Amino acid sequence: MTVRLVALPGDGIGPEVVDATVEVLTTLAGDAGLDLSIDRHLIGGAAIDETGDPLPDATLNACIKSHGVLLGAVGGPKWDDPAATVRPEQGLLRLRQGMEVFANLRPTKMEPALADASPLKPDRLEGVDLLVVRELTGGIYFGEKTEGTQEASDLCSYHAGEIERVVRLAGDLARQRRGHLTLVDKANVLATSRLWRSLTTAIVGDEYPDLTFDTMLVDAAAMTLVTRPAFFDVMVTENMFGDILTDETAAVAGSLGVLPSASLAADGPGLYEPIHGSAPDIAGQGKANPMGTMLSAALWLERDIQRANLAERLRTAVSRCIASKQTTADIGGALSTSEVASAVRQQLEQTGG
Ligand code: IPM
Ligand code: MG
């Protein structure tokens, strides 16, 4: 069977990190006898320039019919006019909605070789291995908006089904990890948070009594992430809190450049993308760290096509490059994006078979 991956390079450093990852995936597939076809499609600013639409129908259709989607990044100053009604980010939001990828998994594990790149003291980093499960297709991102020059509003609304499905997924994942689930909300202020809290508490009580469960207000969670990040195992939270907290977890780990993410649907292909953005300031210079995209591809290999062994080989190859400083400058090396791709391929060849 041919495995069809859709690659969406997007904007800024997106094309560079996606190219590097496609190269590595091609080596891995060739070596493992995996029949892999990779089709590139337009999204974001690149799609606006070419078609006027940040998510052309052809792109969404290809994604829905694929065995998985690998995305670089979207957005940049060229399309940043606040008065613009068509924006690159709309492409990403519509893609998430169109693929119904309601759960966004953002794991952070401390790579010992990256401890220096973290702003935190080394003793706080010991044992950091956490997973944020962010609700991705509801809440304030998708509520009704009004926008005037004197007044604007964004509606935050959730219904029970949207909360329950992501909480169950987070509960299942907590069970496969250290068995600790934390709901992050703002239940002292927001009605939506109180709904999250009552539904989550009931689900955990009925279906996941084996888990250690706690709740934390989002402000306290933001603080705990820098004072005691090792406290967390699985955090589950609404769309916007998850957006904010995962930039923070990425910084805690030392580099936004190495963290992957997986966005999962109930059934159907997932969307895999690095946590970092399009970094227009360094685009086109070969400085972008492709490892977050490569590790996102590893998540794809294990989740969408059940090739955990290949995912493990890819992760090992990336880890070895990090440990031997064969990296881009953001995490202490001196290689370009494409040189990192070659280094990872060499590592893969050494562990081949
Ligand atoms: C992310 C990004 C997006 C989001 C933007 C680009 C719309 O920040 O994936 O975290 O806010 O979800
Ligand atoms: Mg974000």
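Start at 1 and go down the list; that is how both ligands and their atoms are numbered. Just so it is clear, the structure is predicted and the values come from calculations on it, not from any experiment. Note that the numbering runs from 1 along the sequence shown for the chain. When reading the values below, keep in mind they use all heavy atoms of this one structure, side chains included, and skip hydrogens, waters and symmetry mates.
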For the backbone of [Y] and the side chain of [X], can you confirm whether one donor and one acceptor N or O come within less than 3.5 Å of each other?
X	Y	answer
Tyr208	Arg168	yes
Glu151	Gly148	no
Thr337	Val17	no
Arg124	Arg228	no
Glu273	Ser261	no

May I ask you to decide whether Glu302 forms a salt bridge with Arg315, counting only side-chain N to carboxylate O separations under 4.0 Å?
-> yes
Inspect the contact between Arg94 and Asp53 and indicate whether a charged nitrogen and a carboxylate oxygen are less than 4.0 angstrom apart.
-> yes
Near the Mg ion (ligand 2), which protein N/O/S atoms fall under 2.8 Å?
-> Asp243 OD1
If you measure only the distance, is there a donor-acceptor pair under 3.5 Å linking the side chains of Asp330 and Thr328?
-> yes
Heavy-atom nearest pair, Pro290 first then Thr21, reads O-OG1, 3.8 Å
Any idea which residues sit under 4.0 Å from ligand 1, heavy-atom distances?
-> Glu89, Arg96, Arg106, Arg134, Tyr141, Asp243
